[in-house]
Student: 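Here you go, one structure.
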Amino acid sequence: MDRSSLFQLIQEQLDPEQTGFIAVENFTSLAEHHELQLDPSKLEMLLALVQSNEHGHVCYQELIELLNSKRSSSFRRAIANGRRTLQREILLDETGLGVYKRFVRYVAYEILPCETDRRWYFHQSRLCPPPVFMAIITIVQIIVFMCYGVMLNKWVLQTYQPDFMKSPLVYHPGHRAQIWRFFSYMFMHVGLEQLGFNALLQLMIGVPLEMVHGILRISLLYMAGVVAGSLTVSITDMRAPVVGGSGGVYALCSAHLANVVMNWAGMKCPYKLLRMILALVCMSSEVGRAVWLRFSPPLPSSGPQPSFMAHLSGAVVGISMGLLILRSYEESLHKQCSWWVLIFSFITFLLFAIFWNIFAYELLGVQIPPPP
């Protein structure tokens with residue numbers, strides 16, 4: 001039975017008068033007679049939805065959204081509050097799984113804090129579309145780095161080569177009128193150590209996040225961290241250039257770590273405390289290394305070295321916007337007031353940064369190093 005036939009069956013048999021509501025006993029009878037050809041997990045959730053209703057009827061729209069692999073926030077809150085319990089073995093007890101399904105189960109336990117969410121993701125997860133965004137970003141960053149490494153014959157501390165700063169991808173305050181540089185700097189890196197750190201985190205954290213939350217949300221979060229990074233540097237460290245994808249990386253990592261902390265009891269990933277400490281140490285060390293290179297460069301340079309402020313602004317984006325995205329699995333963001341508050345705040349920051357870049361440098365008399 002295809003989906004359109006299923007919807008027609010529900011409407012004809014359960015809601016012939018098109019009232020918008022379905023009697024609980026009618027739907028239960030239909031489900032028990034196996035006229036709804038659905039996977040067991042989804043059918044179980046539908047039965048939990050109708051049997052727990054106190055008013056004797058179920059909203060037709062909520063039912064259709066659930067059949068379309070969407071869950072209303074009211075249903076999710078009811079599950080969390082225990083009023084609609086799903087009696088079934090936990091996902092870890094599933095046996096006979098293939099390699100891909102075992103990986104999907106691993107991702108579910110790494111990212112999602114609720115067993116209901118984990119089972120929902122596990123049963124509705126598909127190979128198409130694959131998590132291509134983080135993979136493409138990482139591959140392009142590696143290719144760009146290798147090209148400049150061969151051209152400069154230098155693989156560590158590339159920013160000390162004058163030709164490196166001549167790249168049209170690097171953000172430099174003297175070239176801030178070239179808008180694309182506020183984005184494109186994420187493809188350039190100081191050296192092999194920064195590229196390796198960012199690529200590792202993008203693949204280890206970014207890919208699982210993209211698998212669960214989708215390409216649109218994760219790409220939005222990553223790019224928001226990148227843009228916020230360059231704009232923050234243009235405001236707080238006005239003479240410094242910026243390179244590296246650390247703004248986006250720290251947005252993803254901070255959002256994930258904050259989500260783990262706020263749902264500590266529900267997260268079932270192994271060794272979570274040890275991994276949390278290790279992640280914080282690595283992220284702090286990378287910030288410390290960036291601060292050291294900014295203020296105490298180990299080699300003579302023709303100008304200021306790249307700023308570290310992109311790391312910090314990316315973390316702020318992750319803790320604010322990113323945390324809301326990760327806590328809204330299978331929920332509509334545009335229906336949440338807090339989402340619009342964050343969007344308004346981000347747009348306000350963008351407008352302020354634009355005016356700052358247009359007027360502040362001249363008004364403050366900032367001595368910008370001559371662009372390469």
Side-chain angles (χ1 to χ4, degrees), residues 42 45 49 59 61-81 84 107-108 110-126 128-134 137 183 202 205-229 231 247-263 266-267 313-351 353:
K42 186 173 291 186
M45 286 192 170
L49 172 66
C59 176
Q61 184 60 39
E62 186 176 23
L63 186 62
I64 296 302
E65 288 183 354
L66 191 57
L67 289 171
N68 277 309
S69 295
K70 297 179 181 179
R71 296 171 298 165
S72 67
S73 57
S74 61
F75 178 65
R76 189 168 184 263
R77 284 195 299 269
I79 288 288
N81 293 335
R84 299 172 185 171
V107 169
E110 284 291 313
I111 303 301
L112 295 170
C114 174
E115 184 66 23
T116 302
D117 288 343
R118 290 191 284 262
R119 285 172 43 201
W120 181 268
Y121 166 72
F122 177 82
H123 287 288
Q124 64 91 33
S125 176
R126 299 292 183 269
C128 188
V132 296
F133 175 77
M134 295 311 309
I137 291 292
F183 301 87
Q202 285 173 179
I205 296 180
V207 170
L209 288 176
E210 187 178 345
M211 289 178 63
V212 173
H213 297 281
I215 185 173
L216 291 179
R217 292 188 176 188
I218 297 306
S219 61
L220 172 64
L221 176 58
Y222 186 88
M223 295 308 299
V226 169
V227 174
L231 291 176
V249 170
Y250 274 64
L252 295 178
C253 294
S254 299
H256 178 57
L257 293 179
N259 191 44
V260 171
V261 171
M262 295 191 67
N263 298 279
M267 297 299 293
S313 60
V316 172
V317 170
I319 294 174
S320 55
M321 180 186 296
L323 183 57
L324 178 61
I325 290 176
L326 300 194
R327 295 181 65 186
S328 301
Y329 172 65
E330 289 287 352
E331 291 186 24
S332 298
L333 291 172
H334 68 272
K335 295 180 180 179
Q336 302 183 45
C337 180
S338 53
W339 173 250
W340 292 109
V341 172
L342 285 173
I343 293 297
F344 175 78
S345 302
F346 193 78
I347 292 176
T348 302
F349 168 71
L350 289 180
L351 294 176

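Numbers here simply count residues along the sequence, with the first being 1. As the structure is a computational prediction, the values presented were derived from the model and not from experiment.
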Student: Using residues 249-259 as the side-chain source, report each donor-acceptor pair under 3.5 Å to any protein atom, sequence neighbours left out, with the distance given to one decimal.
Tutor:
from, atom 1, to, atom 2, distance (Å)
Tyr250, OH, Met283, O, 2.6
Ser254, OG, Tyr250, O, 2.7
Asn259, OD1, Asn263, ND2, 2.9

Student: Which pairs of donor and acceptor atoms, one on a side chain in residues 340-351, lie under 3.5 Å apart (sequence neighbours left out)?
Tutor:
from, atom 1, to, atom 2, distance (Å)
Trp340, NE1, His334, O, 2.7
Ser345, OG, Val341, O, 2.8
Thr348, OG1, Phe344, O, 2.7

Student: Could you grab the distance from atom CZ of Arg118 to atom CE of Met267, nearest 0.5 Å is fine?
Tutor: 7.5 Å
Student: Please find the pair of heavy atoms, one from Val317 and one from Gly225, that lie closest to each other, and give the distance.
Tutor: CG1-N, 4.0 Å
Student: Between Ile325 and Trp339, what is the shortest heavy-atom contact and its length?
Tutor: CG1-CZ3, 3.9 Å
Student: Could you tell me which non-hydrogen atom of Gly229 sits nearest to which non-hydrogen atom of Ser313, and how far apart they are?
Tutor: CA-OG, 3.0 Å
Student: Between OH of Tyr121 and CD1 of Ile111, what distance do you get to the nearest 0.5 Å?
Tutor: 8.5 Å
Student: Could you give the side-chain donor-acceptor pairs of residues 206-221 under 3.5 Å, partners two or more places apart or in another chain?
Tutor:
from, atom 1, to, atom 2, distance (Å)
Glu210, OE1, Met134, N, 3.1
Glu210, OE2, Val132, N, 3.1
Glu210, OE2, Phe133, N, 2.9
Arg217, NH1, Ser328, O, 2.7
Arg217, NH2, Glu331, O, 2.4
Ser219, OG, Ile215, O, 2.6
Ser219, OG, Leu216, O, 3.1

